[in-house]
Amino acid sequence: GENVEQHPSTLSVQEGDSAVIKCTYSDSASNYFPWYKQELGKRPQLIIDIRSNVGEKKDQRIAVTLNKTAKHFSLHITETQPEDSAVYFCAASPNDMRFGAGTRLTVKP
Amino acid sequence: GAVVSQHPSWVICKSGTSVKIECRSLDFQATTMFWYRQFPKQSLMLMATSNEGSKATYEQGVEKDKFLINHASLTLSTLTVTSAHPEDSSFYICSAVGGSLLWGSTDTQYFGPGTRLTVL
């Protein structure tokens, strides 16, 4: 089955800096890669996703890149703000969604 | 956007009792719903995949007789934790998709708000 690894587990940046979170997956059949933001005690919220026929996708300050050959994908957040502080999960899906362990991002004002 | 509700949002029960959690897609028909559990500071762990009108598919290590899943309609799936014990205390989250997974296609999962279960 699919196995997703996510790094780093914690990330602290200064407001305005960029943050990058990386994930690797094992199942070459995975074709859908969403990223979720989860605030404490709340549901995961989809922030961006990418499908396997695309190498990069951008939405304002958030971008995701996908390298199918290397089986890794990354989340890039630019101009970080304190409200970006949360836990971010990557996921990969051939069918059922498998989540990474999560990255706790702290943006210091 | 797609809205998924979950009820109750939190529940406290005594050990040995059963608890039912409902997951509803409010503005779309969900052919497939997923049930996850999440321990504090950990990732979401898939428990089972529920397709409308058929038996749920459970992940390895998840007891199907303990976690009963029913997906009776395109908008409702229920998870019943039977004979709950303190180790079942967790955050249970459902998600729903509106597309078909039959051919490996995947649509966006929309998550419910979660149910915090505490078993005393």
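Chain letters run A, B, ... following the sequence lines, proteins first and then strands; every chain starts at 1.
At a 4.5 Å heavy-atom cutoff, A:Gln6 makes no contact with chain B through either its backbone or its side chain. Both the backbone and the side chain of A:Pro44 come within less than 4.5 Å of a heavy atom of chain B. Contact annotation for B:Gln6: neither backbone nor side-chain heavy atoms come within less than 4.5 Å of a heavy atom of chain A. Both the backbone and the side chain of B:Phe111 come within contact range of chain A, with heavy atoms under 4.5 Å apart. In this structure, chain B has heavy atoms under 4.5 Å from both the backbone and the side chain of A:Phe99.
With hydrogens and angles disregarded, a donor-acceptor distance shorter than 3.5 Å links the side chain of A:Glu2 to the backbone of A:Asp27. Formation of a donor-acceptor pair under 3.5 Å by the A:Lys71 side chain with backbone atoms of A:Ser28 is not found in this model. Checked by atom type and distance alone, the side chain of A:Thr24 never pairs as donor or acceptor with a backbone atom of A:His72 at under 3.5 Å.
Two residues are said to be in side-chain contact when any heavy atoms from C-beta on lie closer than 4.5 Å; A:Tyr36 and B:Gln109 meet this criterion. You'll find the side chain of B:Asp65 stays beyond 4.5 Å of the side chain of B:Thr82, heavy atoms only.
If you tally non-hydrogen atom pairs under 4.5 Å between each of B:Leu44, B:Ile93, B:Val4 and chain A, the highest count goes to B:Leu44. With respect to chain B, the highest number of heavy-atom pairs below 4.5 Å among A:Arg104, A:Lys42, A:Gln38 belongs to A:Gln38.
Taking a cutoff of 4.0 Å between a charged side-chain nitrogen and a carboxylate oxygen, B:Arg24 and B:Glu22 qualify as a salt bridge.
In terms of the side chain to side chain donor-acceptor pair (under 3.5 Å) criterion, B:Glu52 has no residue partners (sequence neighbours excluded).
Using a 4.5 Å heavy-atom cut-off against chain A, the contacting residues of residues 112-120 of chain B are B:Gly112, B:Pro113.
Between B:Tyr92 and B:Phe67, the ring planes are tilted. Angles from 30° to 60° get that label.
Side chains of A:Glu15 and A:Thr80: a donor-acceptor N/O pair is absent below 3.5 angstrom, by distance only.
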